[in-house]
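Read through the structure below, which is laid out as C-alpha coordinates, and then see the notes.
Just so it is clear: chains get the letters A, B, ... in the order the sequence lines come, proteins before strands, and each one is counted from 1. Both backbone and side-chain heavy atoms feed into the values below; hydrogens, waters and symmetry mates do not. In this text, all values refer to a predicted model and were calculated from it rather than measured experimentally.
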Amino acid sequence: MYIIEAKIRDKTQIGLNHLFTGRVCEFWYLFPKTLIINQQPIASHRLYNNCVQEGMDGVASSWDFQCNLEVDLGSEENAHIVYTALAVDKELQPDKVKRHMSVSNGKLSVNFEAVEARFLRASFSAFVDVLTLATKTIEEFGPKKE
Amino acid sequence: MKDKKLIALGFEGSANKIGVGVVAIDGSILSNPRHTYITPPGQGFLPRETAQHHHQYILPLVKSALDTAGVSPDEIDCLCYTKGPGMGAPLQVSAVVVRVLSQMWKKPIIGVNHCVAHIEMGRAVTGAVDPVVLYVSGGNTQVIAYSEGRYRIFGETIDIAVGNCLDRFARVLTLSNDPSPGYNIEQLAKKGDKFIELPYVVKGMDVSFSGILSYIEATTEEKLKSNECTPADLCFSLQETLFAMLVEITERAMAHCDKKDVLIVGGVGCNERLQQMMQIMCSERDGKLFATDDRYCVDNGAMIAYTGLLEYANGASTPMEESTFTQRFRTDEVLATWREKESVIA
(Lines give C-alpha, C1' and ligand atoms only; values in the text may rest on other atoms or scores of the structure.)
Protein backbone atom coordinates (compact mmCIF):
# COMPACT_ATOMS: atom_id res chain seq x y z
CA MET A 1 0.00 0.00 0.00
CA TYR A 2 2.93 2.28 0.48
CA ILE A 3 4.66 4.21 -2.21
CA ILE A 4 8.20 5.16 -1.61
CA GLU A 5 10.03 7.76 -3.51
CA ALA A 6 13.68 8.41 -2.80
CA LYS A 7 15.56 11.17 -4.52
CA ILE A 8 19.24 11.54 -4.01
CA ARG A 9 21.23 14.61 -4.90
CA ASP A 10 24.90 14.31 -5.49
CA LYS A 11 26.62 17.63 -5.93
CA THR A 12 30.12 16.21 -6.01
CA GLN A 13 29.29 13.64 -8.70
CA ILE A 14 31.27 10.98 -6.91
CA GLY A 15 28.56 8.43 -7.47
CA LEU A 16 26.67 8.79 -4.23
CA ASN A 17 23.98 6.76 -5.89
CA HIS A 18 25.70 3.45 -5.43
CA LEU A 19 25.97 4.09 -1.71
CA PHE A 20 22.24 3.69 -1.56
CA THR A 21 21.84 0.75 -3.88
CA GLY A 22 21.66 -1.75 -1.04
CA ARG A 23 19.00 0.25 0.73
CA VAL A 24 16.92 0.69 -2.38
CA CYS A 25 16.97 -3.06 -2.97
CA GLU A 26 15.66 -3.54 0.56
CA PHE A 27 12.73 -1.28 -0.28
CA TRP A 28 11.76 -3.70 -3.00
CA TYR A 29 11.53 -6.53 -0.54
CA LEU A 30 9.61 -4.51 2.01
CA PHE A 31 7.09 -2.85 -0.23
CA PRO A 32 6.95 -4.92 -3.41
CA LYS A 33 3.35 -4.19 -4.38
CA THR A 34 3.18 -0.61 -5.49
CA LEU A 35 6.72 0.49 -5.27
CA ILE A 36 7.93 3.45 -7.21
CA ILE A 37 11.52 4.39 -6.81
CA ASN A 38 12.74 7.54 -8.38
CA GLN A 39 16.42 8.04 -8.05
CA GLN A 40 17.75 11.18 -9.57
CA PRO A 41 21.47 11.56 -9.39
CA ILE A 42 22.17 15.10 -10.43
CA ALA A 43 24.97 14.97 -12.86
CA SER A 44 25.77 18.58 -13.53
CA HIS A 45 26.22 21.61 -11.39
CA ARG A 46 23.57 23.44 -13.31
CA LEU A 47 21.00 20.85 -12.46
CA TYR A 48 22.18 20.65 -8.92
CA ASN A 49 21.76 24.37 -8.53
CA ASN A 50 18.23 24.10 -9.82
CA CYS A 51 17.52 21.46 -7.25
CA VAL A 52 18.92 23.51 -4.46
CA GLN A 53 16.78 26.41 -5.51
CA GLU A 54 13.72 24.19 -5.54
CA GLY A 55 14.51 23.01 -2.08
CA MET A 56 15.35 26.46 -0.83
CA ASP A 57 11.86 27.48 0.18
CA GLY A 58 12.15 28.12 3.88
CA VAL A 59 15.36 26.27 4.58
CA ALA A 60 18.64 27.79 3.53
CA SER A 61 21.20 25.08 3.10
CA SER A 62 24.77 24.76 2.03
CA TRP A 63 25.53 21.14 2.84
CA ASP A 64 26.75 19.11 -0.08
CA PHE A 65 24.91 15.82 0.33
CA GLN A 66 21.17 15.63 0.29
CA CYS A 67 18.52 12.99 0.07
CA ASN A 68 14.74 13.17 0.00
CA LEU A 69 12.51 10.33 0.99
CA GLU A 70 8.78 10.30 0.55
CA VAL A 71 6.58 7.60 2.01
CA ASP A 72 2.87 7.21 1.42
CA LEU A 73 1.39 5.84 4.61
CA GLY A 74 -2.13 5.49 3.30
CA SER A 75 -3.80 7.95 5.68
CA GLU A 76 -3.14 11.24 7.38
CA GLU A 77 -3.52 9.52 10.74
CA ASN A 78 -0.87 6.89 9.99
CA ALA A 79 1.49 9.52 8.65
CA HIS A 80 1.12 11.54 11.86
CA ILE A 81 1.70 8.48 14.03
CA VAL A 82 4.93 7.67 12.22
CA TYR A 83 6.01 11.31 12.20
CA THR A 84 5.41 11.69 15.93
CA ALA A 85 7.16 8.41 16.76
CA LEU A 86 10.25 9.17 14.70
CA ALA A 87 10.52 12.88 15.50
CA VAL A 88 11.40 12.07 19.12
CA ASP A 89 14.89 10.83 18.25
CA LYS A 90 17.13 13.67 17.15
CA GLU A 91 20.10 13.19 14.85
CA LEU A 92 23.11 12.13 16.90
CA GLN A 93 25.53 14.46 15.09
CA PRO A 94 23.57 17.64 14.34
CA ASP A 95 26.75 19.35 13.19
CA LYS A 96 27.15 16.76 10.42
CA VAL A 97 23.64 15.57 9.52
CA LYS A 98 20.33 17.44 9.46
CA ARG A 99 16.96 15.75 9.09
CA HIS A 100 13.79 17.59 8.32
CA MET A 101 10.41 15.86 8.27
CA SER A 102 6.95 16.97 7.24
CA VAL A 103 3.54 15.39 6.67
CA SER A 104 1.00 16.20 4.01
CA ASN A 105 -1.81 14.24 2.35
CA GLY A 106 -0.93 11.06 4.22
CA LYS A 107 2.65 11.26 3.04
CA LEU A 108 5.75 11.58 5.16
CA SER A 109 8.52 13.58 3.52
CA VAL A 110 12.00 13.46 4.92
CA ASN A 111 14.94 15.55 3.83
CA PHE A 112 18.47 14.63 4.86
CA GLU A 113 21.48 16.87 4.49
CA ALA A 114 25.01 15.96 5.42
CA VAL A 115 28.51 17.30 5.14
CA GLU A 116 29.89 13.94 3.97
CA ALA A 117 28.41 11.05 2.02
CA ARG A 118 29.12 8.53 4.78
CA PHE A 119 27.13 10.53 7.35
CA LEU A 120 24.24 10.80 4.91
CA ARG A 121 24.31 7.07 4.25
CA ALA A 122 24.49 6.13 7.95
CA SER A 123 21.69 8.48 8.92
CA PHE A 124 19.46 7.49 6.00
CA SER A 125 20.06 3.81 6.59
CA ALA A 126 19.28 3.98 10.32
CA PHE A 127 16.17 6.03 9.60
CA VAL A 128 14.85 3.54 7.05
CA ASP A 129 15.23 0.77 9.63
CA VAL A 130 13.09 2.50 12.25
CA LEU A 131 10.65 3.75 9.61
CA THR A 132 10.14 0.15 8.50
CA LEU A 133 9.62 -0.93 12.08
CA ALA A 134 7.04 1.81 12.68
CA THR A 135 5.07 0.96 9.52
CA LYS A 136 5.17 -2.76 10.31
CA THR A 137 3.85 -2.02 13.79
CA ILE A 138 0.92 -0.13 12.26
CA GLU A 139 0.26 -2.95 9.79
CA GLU A 140 0.37 -5.55 12.56
CA PHE A 141 -1.52 -3.80 15.35
CA GLY A 142 -3.33 -0.97 13.59
CA PRO A 143 -7.09 -0.44 13.67
CA LYS A 144 -7.81 -2.30 10.42
CA LYS A 145 -6.97 -5.62 12.08
CA GLU A 146 -9.46 -5.18 14.92
CA MET B 1 -13.86 3.47 40.06
CA LYS B 2 -12.73 0.34 38.35
CA ASP B 3 -12.11 -2.78 40.37
CA LYS B 4 -9.92 -4.23 37.63
CA LYS B 5 -6.23 -4.72 38.39
CA LEU B 6 -3.83 -2.41 36.60
CA ILE B 7 -2.02 -4.20 33.76
CA ALA B 8 1.12 -3.14 31.89
CA LEU B 9 2.86 -4.25 28.73
CA GLY B 10 6.64 -3.98 29.04
CA PHE B 11 9.39 -3.96 26.42
CA GLU B 12 13.03 -4.75 27.10
CA GLY B 13 15.74 -4.64 24.45
CA SER B 14 18.80 -2.96 25.91
CA ALA B 15 21.27 -5.75 25.11
CA ASN B 16 21.16 -9.02 23.17
CA LYS B 17 17.72 -10.08 24.43
CA ILE B 18 14.39 -8.75 23.25
CA GLY B 19 11.51 -9.42 25.62
CA VAL B 20 7.86 -8.41 25.98
CA GLY B 21 5.95 -9.05 29.20
CA VAL B 22 2.45 -8.57 30.57
CA VAL B 23 2.26 -7.95 34.32
CA ALA B 24 -0.46 -6.97 36.80
CA ILE B 25 0.09 -4.54 39.70
CA ASP B 26 0.05 -7.35 42.30
CA GLY B 27 3.23 -8.67 40.66
CA SER B 28 1.61 -11.58 38.83
CA ILE B 29 3.31 -12.25 35.51
CA LEU B 30 0.74 -13.08 32.83
CA SER B 31 3.28 -13.66 30.06
CA ASN B 32 6.97 -13.02 29.53
CA PRO B 33 8.29 -14.28 26.17
CA ARG B 34 11.77 -13.32 25.03
CA HIS B 35 14.28 -14.12 22.31
CA THR B 36 18.05 -14.00 22.58
CA TYR B 37 20.48 -13.01 19.84
CA ILE B 38 23.13 -15.73 19.99
CA THR B 39 26.40 -15.12 18.17
CA PRO B 40 28.82 -17.83 16.98
CA PRO B 41 31.50 -19.02 19.47
CA GLY B 42 34.35 -16.55 19.79
CA GLN B 43 32.20 -13.56 18.84
CA GLY B 44 30.35 -10.94 20.82
CA PHE B 45 27.21 -9.05 19.84
CA LEU B 46 27.44 -5.67 18.11
CA PRO B 47 24.83 -2.90 18.28
CA ARG B 48 23.76 -2.92 14.62
CA GLU B 49 23.32 -6.68 14.28
CA THR B 50 21.60 -6.84 17.67
CA ALA B 51 19.14 -4.13 16.61
CA GLN B 52 18.42 -6.08 13.40
CA HIS B 53 17.64 -9.13 15.53
CA HIS B 54 15.25 -7.11 17.70
CA HIS B 55 13.54 -5.66 14.60
CA GLN B 56 12.85 -9.18 13.45
CA TYR B 57 11.43 -10.54 16.72
CA ILE B 58 9.73 -7.69 18.55
CA LEU B 59 6.34 -7.72 16.80
CA PRO B 60 5.83 -11.51 16.98
CA LEU B 61 6.77 -11.27 20.67
CA VAL B 62 4.13 -8.59 21.30
CA LYS B 63 1.55 -10.85 19.71
CA SER B 64 2.67 -13.88 21.67
CA ALA B 65 2.77 -11.91 24.96
CA LEU B 66 -0.81 -10.68 24.47
CA ASP B 67 -2.08 -14.09 23.35
CA THR B 68 -0.46 -16.01 26.22
CA ALA B 69 -1.72 -13.49 28.77
CA GLY B 70 -5.19 -13.56 27.19
CA VAL B 71 -5.24 -9.77 27.29
CA SER B 72 -6.45 -7.42 24.58
CA PRO B 73 -4.88 -3.98 23.96
CA ASP B 74 -8.00 -2.37 25.52
CA GLU B 75 -7.27 -4.01 28.87
CA ILE B 76 -3.75 -2.62 29.08
CA ASP B 77 -3.26 0.48 31.23
CA CYS B 78 0.22 1.55 30.18
CA LEU B 79 3.11 0.74 27.87
CA CYS B 80 6.55 0.52 29.49
CA TYR B 81 9.92 0.43 27.75
CA THR B 82 13.57 0.44 28.73
CA LYS B 83 14.82 4.01 28.50
CA GLY B 84 18.38 3.00 29.39
CA PRO B 85 21.13 2.19 30.13
CA GLY B 86 22.08 -0.08 27.25
CA MET B 87 23.19 -0.07 23.62
CA GLY B 88 21.61 2.73 21.58
CA ALA B 89 20.35 0.98 18.47
CA PRO B 90 18.74 -1.96 20.31
CA LEU B 91 17.10 0.42 22.82
CA GLN B 92 15.56 2.39 19.97
CA VAL B 93 13.64 -0.66 18.74
CA SER B 94 11.49 -0.90 21.88
CA ALA B 95 11.10 2.88 22.07
CA VAL B 96 9.81 3.20 18.48
CA VAL B 97 7.30 0.35 18.80
CA VAL B 98 6.00 1.73 22.10
CA ARG B 99 5.56 5.22 20.61
CA VAL B 100 3.53 3.84 17.69
CA LEU B 101 1.40 1.55 19.88
CA SER B 102 0.82 4.35 22.38
CA GLN B 103 -0.71 6.53 19.65
CA MET B 104 -2.80 3.76 18.11
CA TRP B 105 -4.08 2.31 21.39
CA LYS B 106 -4.25 5.68 23.24
CA LYS B 107 -2.19 4.44 26.18
CA PRO B 108 0.36 6.34 28.27
CA ILE B 109 4.10 5.57 28.02
CA ILE B 110 6.42 4.93 30.95
CA GLY B 111 10.20 5.03 30.40
CA VAL B 112 11.93 2.68 32.83
CA ASN B 113 15.49 2.46 34.15
CA HIS B 114 16.83 -1.00 33.38
CA CYS B 115 18.77 -1.37 36.66
CA VAL B 116 15.83 -0.30 38.81
CA ALA B 117 13.65 -2.78 36.90
CA HIS B 118 16.01 -5.62 37.81
CA ILE B 119 15.82 -4.64 41.47
CA GLU B 120 12.01 -4.38 41.55
CA MET B 121 11.53 -7.67 39.70
CA GLY B 122 13.91 -9.34 42.17
CA ARG B 123 12.03 -7.91 45.14
CA ALA B 124 8.65 -8.90 43.70
CA VAL B 125 9.71 -12.47 42.93
CA THR B 126 11.65 -13.19 46.15
CA GLY B 127 9.75 -11.02 48.62
CA ALA B 128 12.96 -9.32 49.83
CA VAL B 129 11.90 -6.13 51.62
CA ASP B 130 14.95 -3.91 52.02
CA PRO B 131 18.07 -5.79 50.90
CA VAL B 132 21.49 -4.74 49.74
CA VAL B 133 21.28 -5.46 46.00
CA LEU B 134 24.11 -6.91 43.96
CA TYR B 135 23.29 -6.22 40.32
CA VAL B 136 25.62 -8.23 38.11
CA SER B 137 25.17 -8.63 34.35
CA GLY B 138 26.99 -8.35 31.05
CA GLY B 139 26.80 -4.56 31.12
CA ASN B 140 26.54 -3.62 34.79
CA THR B 141 28.13 -4.42 38.13
CA GLN B 142 26.75 -2.43 41.06
CA VAL B 143 26.15 -2.81 44.78
CA ILE B 144 22.98 -0.88 45.53
CA ALA B 145 20.85 -0.08 48.57
CA TYR B 146 17.73 2.03 49.01
CA SER B 147 18.20 5.21 50.97
CA GLU B 148 16.07 8.36 51.13
CA GLY B 149 14.02 8.07 47.99
CA ARG B 150 16.58 6.57 45.66
CA TYR B 151 18.52 3.41 44.95
CA ARG B 152 22.04 4.53 45.82
CA ILE B 153 25.11 2.96 44.30
CA PHE B 154 27.55 2.06 47.05
CA GLY B 155 30.06 0.22 44.92
CA GLU B 156 30.48 -0.55 41.24
CA THR B 157 32.94 -1.59 38.59
CA ILE B 158 35.32 1.11 37.49
CA ASP B 159 35.77 -0.46 34.06
CA ILE B 160 34.00 -3.48 32.49
CA ALA B 161 31.11 -5.46 33.97
CA VAL B 162 31.69 -8.87 35.55
CA GLY B 163 29.52 -10.53 32.90
CA ASN B 164 31.55 -8.86 30.18
CA CYS B 165 34.75 -10.25 31.72
CA LEU B 166 33.24 -13.78 31.79
CA ASP B 167 31.77 -13.51 28.27
CA ARG B 168 35.03 -12.34 26.80
CA PHE B 169 36.95 -15.14 28.50
CA ALA B 170 34.44 -17.55 26.99
CA ARG B 171 35.44 -16.14 23.61
CA VAL B 172 39.11 -16.87 24.37
CA LEU B 173 38.16 -20.53 24.95
CA THR B 174 35.66 -20.31 22.02
CA LEU B 175 32.92 -21.70 24.24
CA SER B 176 29.38 -21.69 22.84
CA ASN B 177 27.25 -18.57 23.40
CA ASP B 178 24.17 -20.79 23.61
CA PRO B 179 22.26 -20.36 25.94
CA SER B 180 24.82 -17.89 27.26
CA PRO B 181 28.61 -17.80 27.54
CA GLY B 182 28.38 -17.38 31.32
CA TYR B 183 26.31 -20.55 31.69
CA ASN B 184 28.88 -22.55 29.74
CA ILE B 185 31.73 -21.18 31.87
CA GLU B 186 29.77 -22.17 34.98
CA GLN B 187 29.32 -25.73 33.73
CA LEU B 188 32.98 -26.08 32.74
CA ALA B 189 34.13 -24.57 36.07
CA LYS B 190 32.41 -27.44 37.90
CA LYS B 191 35.04 -29.76 36.40
CA GLY B 192 37.98 -27.59 37.46
CA ASP B 193 39.80 -28.08 40.76
CA LYS B 194 43.22 -26.48 40.37
CA PHE B 195 43.24 -22.86 41.47
CA ILE B 196 45.37 -20.56 39.32
CA GLU B 197 46.17 -17.31 41.06
CA LEU B 198 44.78 -14.26 39.24
CA PRO B 199 44.93 -10.55 40.06
CA TYR B 200 42.38 -9.54 42.72
CA VAL B 201 41.28 -5.93 42.32
CA VAL B 202 39.04 -4.38 44.98
CA LYS B 203 39.30 -0.65 45.59
CA GLY B 204 37.20 0.28 48.60
CA MET B 205 33.67 -0.64 47.57
CA ASP B 206 34.56 -0.62 43.87
CA VAL B 207 35.97 -3.40 41.71
CA SER B 208 37.94 -3.59 38.49
CA PHE B 209 37.86 -6.49 36.04
CA SER B 210 39.65 -5.34 32.91
CA GLY B 211 43.13 -6.06 34.28
CA ILE B 212 42.09 -9.58 35.28
CA LEU B 213 40.71 -10.14 31.79
CA SER B 214 43.90 -8.85 30.13
CA TYR B 215 45.99 -11.09 32.37
CA ILE B 216 43.99 -14.24 31.70
CA GLU B 217 43.71 -13.45 27.96
CA ALA B 218 47.48 -13.05 27.76
CA THR B 219 48.39 -16.20 29.70
CA THR B 220 45.70 -18.72 28.71
CA GLU B 221 47.34 -20.02 25.53
CA GLU B 222 50.70 -20.59 27.18
CA LYS B 223 49.23 -22.21 30.31
CA LEU B 224 47.13 -24.60 28.21
CA LYS B 225 50.03 -25.46 25.88
CA SER B 226 52.37 -26.29 28.73
CA ASN B 227 49.65 -28.40 30.38
CA GLU B 228 49.91 -26.30 33.50
CA CYS B 229 46.13 -26.39 33.78
CA THR B 230 42.96 -27.20 31.84
CA PRO B 231 40.32 -24.80 30.45
CA ALA B 232 38.08 -26.03 33.27
CA ASP B 233 40.69 -24.98 35.87
CA LEU B 234 40.83 -21.52 34.34
CA CYS B 235 37.03 -21.16 34.38
CA PHE B 236 37.00 -22.31 38.00
CA SER B 237 39.79 -19.91 39.02
CA LEU B 238 38.25 -16.96 37.20
CA GLN B 239 34.85 -17.52 38.79
CA GLU B 240 36.30 -17.95 42.29
CA THR B 241 38.34 -14.74 41.95
CA LEU B 242 35.60 -12.57 40.45
CA PHE B 243 32.89 -13.79 42.81
CA ALA B 244 35.12 -13.40 45.89
CA MET B 245 35.58 -9.76 44.91
CA LEU B 246 31.81 -9.32 44.54
CA VAL B 247 31.10 -10.97 47.89
CA GLU B 248 33.70 -8.72 49.54
CA ILE B 249 32.22 -5.45 48.29
CA THR B 250 28.68 -6.64 49.03
CA GLU B 251 29.65 -7.44 52.62
CA ARG B 252 31.29 -4.02 52.99
CA ALA B 253 28.11 -2.33 51.73
CA MET B 254 26.02 -4.39 54.18
CA ALA B 255 28.17 -3.26 57.08
CA HIS B 256 28.02 0.31 55.83
CA CYS B 257 24.23 0.43 55.41
CA ASP B 258 23.49 -1.83 58.37
CA LYS B 259 21.31 -4.17 56.31
CA LYS B 260 21.09 -7.92 56.81
CA ASP B 261 19.75 -9.31 53.54
CA VAL B 262 21.21 -9.57 50.06
CA LEU B 263 19.37 -9.76 46.76
CA ILE B 264 21.28 -10.80 43.65
CA VAL B 265 19.84 -9.70 40.30
CA GLY B 266 21.06 -9.52 36.70
CA GLY B 267 22.21 -12.19 34.27
CA VAL B 268 25.25 -13.29 36.28
CA GLY B 269 22.93 -13.61 39.30
CA CYS B 270 21.69 -17.01 38.12
CA ASN B 271 25.21 -18.42 38.56
CA GLU B 272 24.82 -20.98 41.32
CA ARG B 273 28.41 -20.70 42.48
CA LEU B 274 27.98 -16.96 43.06
CA GLN B 275 24.78 -17.66 44.98
CA GLN B 276 26.55 -20.32 47.05
CA MET B 277 29.45 -18.02 47.98
CA MET B 278 27.07 -15.18 48.83
CA GLN B 279 24.96 -17.57 50.91
CA ILE B 280 27.98 -18.45 53.07
CA MET B 281 28.72 -14.78 53.72
CA CYS B 282 25.08 -13.98 54.49
CA SER B 283 24.62 -16.83 56.91
CA GLU B 284 27.78 -15.72 58.79
CA ARG B 285 26.14 -12.33 59.22
CA ASP B 286 22.75 -13.83 60.19
CA GLY B 287 21.26 -12.47 57.00
CA LYS B 288 19.26 -14.01 54.19
CA LEU B 289 20.16 -14.39 50.54
CA PHE B 290 17.48 -13.78 47.93
CA ALA B 291 18.14 -14.88 44.37
CA THR B 292 16.10 -15.92 41.34
CA ASP B 293 16.57 -18.24 38.41
CA ASP B 294 17.20 -17.31 34.79
CA ARG B 295 13.53 -16.50 34.06
CA TYR B 296 13.71 -13.32 36.15
CA CYS B 297 17.47 -12.74 36.56
CA VAL B 298 18.10 -12.40 32.87
CA ASP B 299 16.69 -9.35 31.05
CA ASN B 300 12.96 -9.73 30.40
CA GLY B 301 9.91 -7.68 29.47
CA ALA B 302 8.01 -8.38 32.69
CA MET B 303 10.52 -6.56 34.86
CA ILE B 304 10.09 -3.43 32.75
CA ALA B 305 6.30 -3.77 32.80
CA TYR B 306 6.20 -4.25 36.59
CA THR B 307 8.51 -1.31 37.40
CA GLY B 308 6.70 0.93 34.91
CA LEU B 309 3.42 -0.05 36.51
CA LEU B 310 4.71 0.91 39.98
CA GLU B 311 5.61 4.34 38.61
CA TYR B 312 2.29 4.65 36.76
CA ALA B 313 0.33 3.74 39.89
CA ASN B 314 2.16 6.60 41.60
CA GLY B 315 1.09 9.06 38.93
CA ALA B 316 4.12 9.06 36.65
CA SER B 317 4.12 8.92 32.86
CA THR B 318 6.50 9.92 30.09
CA PRO B 319 5.22 12.45 27.52
CA MET B 320 5.76 11.43 23.88
CA GLU B 321 8.46 14.08 23.28
CA GLU B 322 10.41 12.76 26.26
CA SER B 323 10.12 9.09 25.34
CA THR B 324 13.77 9.01 24.31
CA PHE B 325 16.39 6.39 25.06
CA THR B 326 19.83 6.91 26.52
CA GLN B 327 22.95 4.78 26.71
CA ARG B 328 23.85 6.24 30.10
CA PHE B 329 21.16 6.32 32.78
CA ARG B 330 22.35 5.86 36.34
CA THR B 331 20.36 3.88 38.88
CA ASP B 332 20.34 6.79 41.35
CA GLU B 333 18.80 9.23 38.84
CA VAL B 334 15.38 7.65 39.43
CA LEU B 335 13.17 8.85 42.28
CA ALA B 336 11.73 5.62 43.66
CA THR B 337 8.41 7.17 44.61
CA TRP B 338 6.75 3.81 45.20
CA ARG B 339 9.34 2.93 47.87
CA GLU B 340 8.61 6.11 49.83
CA LYS B 341 4.99 5.03 50.20
CA GLU B 342 6.04 1.54 51.26
CA SER B 343 8.18 2.89 54.07
CA VAL B 344 5.33 5.08 55.34
CA ILE B 345 3.14 1.99 55.65
CA ALA B 346 5.93 0.00 57.32
- Message: Does any backbone or side-chain atom of V98(B) lie under 4.5 Å from a heavy atom of chain A? Answer side chain, backbone, both or neither.
- Response: neither
- Stepwise side-chain contact (heavy atoms from CB on, under 4.5 Å) test for V82(A) and V100(B): CA-CA 7 Å; V82(A) 172; V100(B) 172; 5.6 Å; no
- Item | Rounded distance (nearest 0.5 Å) linking atom OG1 of T84(A) with atom CD of Q103(B) | 4.5 Å
Using a cut-off of 6.0 Å, state whether more than 12 heavy atoms not belonging to [X] lie near its atom [atom1].
X	atom1	answer
N105(A)	CG	no
E49(B)	CD	yes
L335(B)	CG	yes

Any side-chain heavy-atom pair from [X] and [Y] closer than 4.5 angstrom?
X	Y	answer
V88(A)	E321(B)	no
F141(A)	L59(B)	yes
L133(A)	I58(B)	yes
R99(B)	D89(A)	yes

- Test side-chain contact (heavy atoms from CB on, under 4.5 Å) applied to R48(B) and D129(A), step by step: CA-CA 11 Å; R48(B) 196 183 151 81; D129(A) 286 341; 4.2 Å; yes
